[in-house]
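Fair warning: this is a prediction, and the values are worked out from it, not measured in the lab. Here is the naming used below: chain letters follow the sequence lines, and residue numbers restart at 1 for every chain.
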Amino acid sequence: MTARERIAGNVAGYVDDRTGAAKWMKKNLTKVFPDHWSFLLGEICLYSFIILLLSGTFLTFWFDPSQREVVYDGGYQPLSGLKMSAAYASTLHISFEVRGGLLMRQIHHWAALIFMVGIVVHLLRVYFTGAFRKPREFNWIIGVGLLTLGIVEGFLGYSLPDDLLSGTGIRIAEAIIQALPLVGSYIAFFAFGGAFPGEAFIPRIYTVHVLLLPGIFLALITVHLMLVWYQKHTQFPGPGRTEKNVVGYPLMPVYMAKAGGFFFIVFGVTAFLGAVASINPIWLYGPYTPGQISAGSQPDWYMGWLDGLVRMSPPLETHAFGHTISWNILIPGLILPGIMFTGLALYPFIESWATGDKREHHLLDRPRNAPNRTALGAMALTFTIVALLNGGNDIIATTFHLTINQMMWFSRIGVLVLPPIAFIITKRLCLSLQRADRDLVLHGRETGRLVRMPNGEFVEVHEPISAEKAWLLTSHEQIAPLELPEHDAAGVRRPAAIKNKIRNRISRATAVAVPKATETERRELEGHH
Amino acid sequence: MSNEIEQIKDPGLPAHVHRQTDTDPKAAARAERQVAILFGLSAIGTLLLIYSYIFIKDSSFIFIPVLGETNTQQLGLGLGMAIALFCIGAGAIHWAKTLMPDEEVIAQRHEFRSEDEDRAEFVKTVKAGAAAAGLGRRPLIKRTLGAALGLSALTPLLLLRDLGPLPKDDLHKTSWKAGTRLVTDPGDRPIRPEDLEVGAVAQTLPELAPGEERTLNNIGKDAVLLIRLRPEEFNLDAERLSWTHEGIIAFSKICSHMGCAVALYEQQTKHLLCPCHQSTFDVTRAAKVIFGPAARPLPQLAITVDADGYLVAQQPFTEPVGPSFWERSS
Amino acid sequence: MKRLSRLRRHRAAGPILLIFALFTIGTTFQVASAVNNDTTSVADRSATIEEGRQLFLKGCSSCHGINAEGGEIAPSLIGVGAASVDFQVGTGRMPMADMSTQAMRKPPVYNAEQVNALATYVASLAPGPQVPSEESLNYERDGSVADGGELFRTNCAMCHNFAAQGGALTQGKYAPTLMGVEPKHIYEAMITGPQSMPVFSDKTITPEEKLSIIKWIKSAESEPQLGGAALGRVGPVTEGLLVWTLGIGLLVGVAVWLAMKAR
């Protein structure tokens with residue numbers, strides 16, 4: 001035993017005497033993780049969160065979260081001598097006087113955008129592969145929570161510098177709060193310490209941005225990861241992969257090296273963006289004052305769809321009994337997003353209610369094999385993309401020589417018409433892909449080689465696919481639709497008749513599928529040849 | 001039925017295929033060198049960062065295609081950091097892929113559900129605990145405890161009360177009074193009607209009394225846009241027409257939708273556009289909404305001239321300015 | 001970029017100076033004729049007016065009317081002043097190429113002398129805003145960049161964007177970018193209010209303040225990239241586009257490589 005081994009052994013022994021960690025570690029260091037690129041999307045979020053913590057801490061050393069008025073005397077000439085808040089002035093100081101400060105600001109902001117992109121693509125992967133099904137519903141809900149909090153955290157973050165663009169964003173947020181029936185103006189006055197903009201808001205959201213929300217994030221992410229650890233990762237179907245096992249690489253050393261390496265990759269890419277691409281150039285925006293505005297005032301992309309919805313809203317307001325309700329703010333700003341996020345959070349339960357499937361699932365679905373779910377996802381995605389495009393309609397209009405009015409009408413109609421179309425197209429696409437799978441299994445791969453038969457007919461040679469591939473294309477389950485009784489034995493409508501009827505209908509729609517190829521059919525076909 | 005149809009069978013995990021690095025010592029040595037080169041590149045990246053930090057002035061610029069004339073220090077620091085981090089990651093991954101074992105391992109999943117006995121035991125323990133505490137038998141304790149807990153939740157609500165003052169009539173009022181002069185923003189100069197040509201606009205605020213300071217809160221409610229048209233271009237009722245002066249009309253610049261500064265005036269169409277949500281207002285018809293999400297016209301400020309010939313407000317705004325709120329009556 | 005812009009400035013310096021010189025001569029003549037009643041300059045001026053009238057009849061009168069009284073498709077030019085003509089024709093907006101949404105900036109059809117002649121002719125019809133003299137456009141000396149920024153953000157940014165990159169108006173109209181626009185033309189636009197743009201009177205924004213605005217625009221134009229590629233200086237839309245393409249693209253690319261089996 002070398003000296004080094006002896007020391008390591010002593011340290012490990014010391015820790016284990018007090019914690020008993022060896023038993024747990026022994027088991028978990030060999031924990032198996034399946035390997036697929038899409039399983040790293042969640043890691044992108046985790047790592048950008050760490051980058052956000054690191055770069056954010058750096059920024060707090062110089063940032064002064066105060067709306068106290070100061071006169072700028074820093075190095076950026078075009079703002080020299082102007083009155084501005086200390087928050088804005090200190091952000092300028094970080095950008096121009098702290099070496100690497102601008103880089104850190106840009107890394108922080110790019111990391112925030114990547115964090116949100118990561119959450120969305122991770123969510124899409126989990127959704128379209130059905131990874132949210134039992135037993136992972138809790139983690140799905142935590143994920144939706146993280147997405148929602150991420151939007152809030154991002155908004156608060158870019159609001160801190162108190163520049164003209166972010167101030168405009170806060171102005172709009174205040175208008176949403178103020179539009180709440182009954183309590184709106186009270187909550188707004190409490191939040192802002194009086195009328196807008198006041199001098200209290202930035203110090204307050206600073207605490208929320210750097211302390212409260214990161215704390216909640218940390219807690220939720222920990223639970224999220226612990227559940228992934230405990231429940232083991234899902235895996236894609238394939239030869240040797242079952243609902244009972246997990247096939248992949250052990251944590252020590254392969255996965256540790258890969259995952260650890262990927263952290264540095266994410267940090268490196270973020271630093272690269274921070275180095276080469278300007279983000280949130282607040283010195284160009286100028287300090288905030290309510291009397292100024294810039295053309296093309298947009299929020300960051302993860303809020304863009306909300307802004308797009310607000311833009312396309314019809315001008316509805318109710319004035320009655322001396323009170324005002326602003327539907328043009330409440331519907332696109334609170335009610336619709338509320339419905340969307342609630343629906344998103346409850347989706348696992350809705351699906352299992354509709355299909356009656358209460359079993360555990362550890363093998364992922366190929367999206368084509370769950371046509372209804374895939375189509376529903378495409379529909380929601382289409383809705384959000386139309387809204388997002390409308391959020392940037394002025395930039396799109398000037399870039400492509402369109403008019404904002406055309407864009408707005410396109411969005412107003414498109415947001416209602418395009419999602420159902422996307423649903424129908426996607427569902428059909430899934431079914432034809434299923435058909436293609438079936439053909440592939442039954443008739444093999446087209447080789448492109450033509451052979452002349454004795455009777456003079458030309459046929460293309462089909463090559464049978466491998467056993468592995470055939471298994472992959474047929475291993476999925478095709479569940480039968482629910483047949484819940486609408487009438488009891490005596491022919492009388494049951495109390496739950498309507499509910500059951502709806503469930504039967506949804507279940508039938510969900511179960512629509514091209515029958516998968518079977519060994520029997522294969523053999524029959526072989527017999528014919 | 002399902003008995004007759006035979007499904008395609010799982011062929012099982014395919015046999016492991018060896019990599020070049022598993023079989024060829026030369027390939028393994030090459031992979032090792034590649035990993036080492038990546039780690040070496042990372043070190044160079046950090047050196048670039050250190051060099052940039054110490055030796056490159058923050059006032060030096062370098063022309064880079066696509067990026068343009070770019071700050072050298074910022075670029076050097078960033079690229080150094082990016083290279084340093086990325087290459088560590090790439091090296092580690094390459095190492096794992098080529099030199100660490102790549103045989104896939106099968107692990108069994110365990111069932112999450114507890115055994116039935118455990119569940120029953122759990123329920124029993126909880127019940128026994130509750131019984132021992134006597135919650136069911138002592139409703140008085142249960143009720144008073146519930147009430148106490150519920151009441152204590154009021155504490156944070158109460159303590160948060162001092163976050164801000166009550167709105168009172170703050171949202172209804174602006175600084176404009178009868179006779180307040182309109183002054184330019186920025187510049188604070190009073191304006192005579194003849195200062196504005198037809199087609200001209202001016203961003204204005206109420207004149208400050210001596211010693212008064214202008215806060216952002218004031219600007220947020222007081223900002224007013226002056227526009228001069230030909231008087232015959234107006235399409236206003238008599239009252240609103242009397243609020244204009246020689247073709248000059250004044251509107252609150254704070255959008256009636258969500259409070260952005262509506263100042264985007266198109267001189268030819270006489271339309272005002274809010275760049276935030278693209279509500280469009282027709283100036284000739286007292287800022288009637290003709291497009292977009294805003295539901296109300298911009299409040300109009302009645303103006304006239306004072307004895308010295310400067311533009312002043314005839315009266316305060318007759319309605320609250322800015323976005324809607326519950327207590328707003330119209 | 002700095003080198004480039006310097007070059008551009010160099011290249012442009014000649015023509016600009018020439019134009020300035022011509023207009024200085026033009027305006028000095030006007031002033032001189034008023035003060036001295038100098039017979040030769042009066043003669044020169046009427047010759048210029050005549051030249052301008054001829055150009056007008058050939059190139060403009062079909063829309064603006066024989067006597068610039070305006071027509072169904074084009075406004076009257078009586079009283080618009082020399083500054084308006086100099087802006088519209090000098091930036092190539094007039095004559096209009098097509099009658100769609102708005103006149104676009106393009107290479108001018110007329111040379112500086114002809115623009116001057118047209119401007120002098122139109123100015124002779126009725127008084128209007130004059131072309132600013134070169135001396136009065138010394139924004140480097142007379143302007144303040146910080147004040148200019150403040151004025152720009154209050155009066156201009158709502159249409160032209162925070163960095164003067166331009167923005168959308170209603171029905172396909174747009175506020176053009178101010179990058180590369182000559183100071184004289186920016187000044188003329190402010191005093192004449194071309195097309196959708198309103199007029200900014202000298203009393204509400206003083207000539208000195210106008211120079212500050214120009215100084216700020218020029219400073220924004222020549223500002224190098226302090227934080228890397230500017231992404232068009234249009235705010236978060238292009239940032240979002242970049243993160244959804246390059247950002248996530250790079251990361252997914254590495255993830256695919258990571259999960260690919262080595263051979």
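Of the two parts of B/Ala294, only the backbone, made up of N, CA, C and O, holds a non-hydrogen atom closer than 4.5 Å to a non-hydrogen atom of chain A. Heavy atoms closer than 4.5 Å to chain B are found in both the backbone and the side chain of A/Ser185. Contact of A/Ile265 with chain B is made through backbone and side chain together, with heavy-atom distances under 4.5 Å. Interface residue B/Glu327: backbone and side-chain heavy atoms are both found under 4.5 Å from chain A. Of the two parts of A/Lys31, neither the backbone nor the side chain holds a non-hydrogen atom closer than 4.5 Å to a non-hydrogen atom of chain B. Both the backbone and the side chain of A/Thr289 come within less than 4.5 Å of a heavy atom of chain B. Within the 4.5 angstrom heavy-atom criterion, atoms from both the backbone and the side chain of B/Asp102 approach chain A. For A/Leu180, the part lying under 4.5 angstrom from a heavy atom of chain B is the backbone only. At a 4.5 Å heavy-atom cutoff, the contact between B/Phe291 and chain A is made by side-chain atoms alone. Contact of A/Pro314 with chain B is made through the backbone alone, with heavy-atom distances under 4.5 Å. Proximity to chain B (any heavy atom under 4.5 Å) is restricted, for A/Met104, to the side chain, taken from C-beta onward. Only the backbone of B/Lys9 comes within contact range of chain A, with heavy atoms under 4.5 Å apart. With a threshold of 4.5 angstrom between heavy atoms, A/Val266 does not approach chain B through any atom at all. The contact between A/Phe196 and chain B is made entirely by backbone atoms, counting heavy-atom distances below 4.5 Å. B/Ile83 does not touch chain A: none of its heavy atoms, backbone or side chain, sits under 4.5 Å away. Residue A/Asn405 touches chain B through both its backbone and its side chain, counting heavy-atom pairs closer than 4.5 Å. In this structure, chain B has a heavy atom under 4.5 Å from the side chain of A/Glu360, while its backbone stays farther away. Interface remark: B/Ile64 contributes no atoms to any contact with chain A (heavy atom separation under 4.5 Å). Of the atoms belonging to A/Asp35, not a single heavy atom falls under 4.5 Å from chain B. Interface remark: B/Gln203 contributes no atoms to any contact with chain A (heavy atom separation under 4.5 Å). Residue B/Leu264: no heavy atom, backbone or side chain, is found under 4.5 Å from chain A. Within the 4.5 angstrom heavy-atom criterion, no atom of A/Glu199 approaches chain B. With a threshold of 4.5 angstrom between heavy atoms, A/Glu317 approaches chain B through its backbone and through its side chain.
Residue B/Pro11 comes nearest to A/Pro239 through the heavy atom pair CG-CB, 4.0 Å, listed as atom of the first residue, atom of the second, then distance. Taking both residues in full, the closest heavy atoms of A/Gly296 and B/Pro275 are given as N-CB, 4.5 Å, listed atom of the first, atom of the second, then distance. Here the shortest heavy-atom pairing between B/Phe325 and A/Thr324 reads O-CB, 3.4 Å. Contact record, B/His277 with A/Met408: O-CE, 3.8 Å, taken as the closest heavy-atom pair. Closest of all the heavy-atom pairs between A/Lys258 and B/Ala96 is CG-CB, 3.8 Å. The minimum heavy-atom distance linking B/Arg109 with A/Lys232 is given by the pair NH1-CB, 3.3 Å.
A donor-acceptor contact shorter than 3.5 Å links the side chain of B/Asn217 to the backbone of A/Gly198. In this structure, the side chain of B/Gln7 does not engage the main chain of A/Thr520 through any donor-acceptor pair within 3.5 Å. Under the 3.5 Å distance criterion, the side-chain polar atoms of B/Lys253 are matched with a main-chain donor or acceptor of A/Gly291. Remark: the backbone N or O of B/Cys276 is not paired with any side-chain donor or acceptor of A/Ser297 at under 3.5 angstrom. With hydrogens and angles ignored, the 3.5 Å screen pairs a side-chain donor or acceptor of A/Gln178 with a backbone N or O of B/Pro323. Put simply, the side chain of A/Arg241 never gets that close to the backbone of B/Gly12: no donor and acceptor are under 3.5 Å apart. Under the 3.5 Å distance criterion, the side-chain polar atoms of A/Arg522 are left unmatched by any main-chain donor or acceptor of B/Ile8. B/Gln74 places a side-chain N or O within donor-acceptor distance of the main-chain N or O of A/Leu103, the cut-off being under 3.5 Å. In this structure, the side chain of A/Asn245 does not engage the main chain of B/Ala107 through any donor-acceptor pair within 3.5 Å. A donor-acceptor contact shorter than 3.5 Å links the side chain of B/His110 to the backbone of A/Tyr230.
The list of side chain to side chain donor-acceptor pair (under 3.5 Å) pairs with a residue in residues 78-98 of chain B, not counting sequence neighbours, reads B/Gln34-B/His94.
Taking 4.0 Å as the cut-off between side-chain N and carboxylate O, B/Glu6 and A/Arg523 count as a salt-bridged pair.
With values rounded to the nearest 0.5 angstrom, A/Phe263 atom CZ is found 7.5 Å from B/Leu85 atom CG. The distance from atom CE of B/Met81 to atom OG1 of A/Thr270, rounded to the nearest 0.5 Å, is 9.0 Å. Note that CZ of B/Phe112 and CG of A/Leu227 are 9.0 Å apart. Values are rounded to the nearest 0.5 Å.
Applying the ring-ring contact (aromatic ring centres under 6.0 Å, His included) test to B/Trp326 and every residue at least two apart in sequence or in another chain returns A/His323.
Of all the listed residues (B/Gly220, B/Ala223, B/Pro165, B/Gly322), the one sharing the greatest number of non-hydrogen pairs under 4.5 Å with chain A is B/Pro165. Comparing A/Thr168, A/Ile325, A/Ile404 by heavy-atom pairs within less than 4.5 Å of chain B, the highest count is held by A/Ile404. In terms of heavy-atom pairs under 4.5 angstrom with chain A, the leader among B/Leu273, B/Leu77, B/Ile219 is B/Ile219. Of the listed residues (A/Ile107, A/Val269, A/Asn393, A/Ile176), the one with the most heavy-atom contacts under 4.5 Å to chain B is A/Asn393. Each of B/Asp58, B/Val262, B/Leu166 has some count of heavy-atom pairs under 4.5 Å with chain A, and the biggest count is that of B/Leu166. Looking only at heavy-atom pairs under 4.5 Å with chain A, the residue among B/Val289, B/Asp162, B/Leu205, B/Leu216 that has the most is B/Leu216. Ranking A/Gly100, A/Ala257, A/Ala470, A/Gly322 against chain B, the residue ahead of the rest is A/Gly322, based on heavy-atom pairs under 4.5 Å.
Remark: aromatic rings of A/Phe267 and B/Phe86 are distant, center separation not under 6.0 Å.
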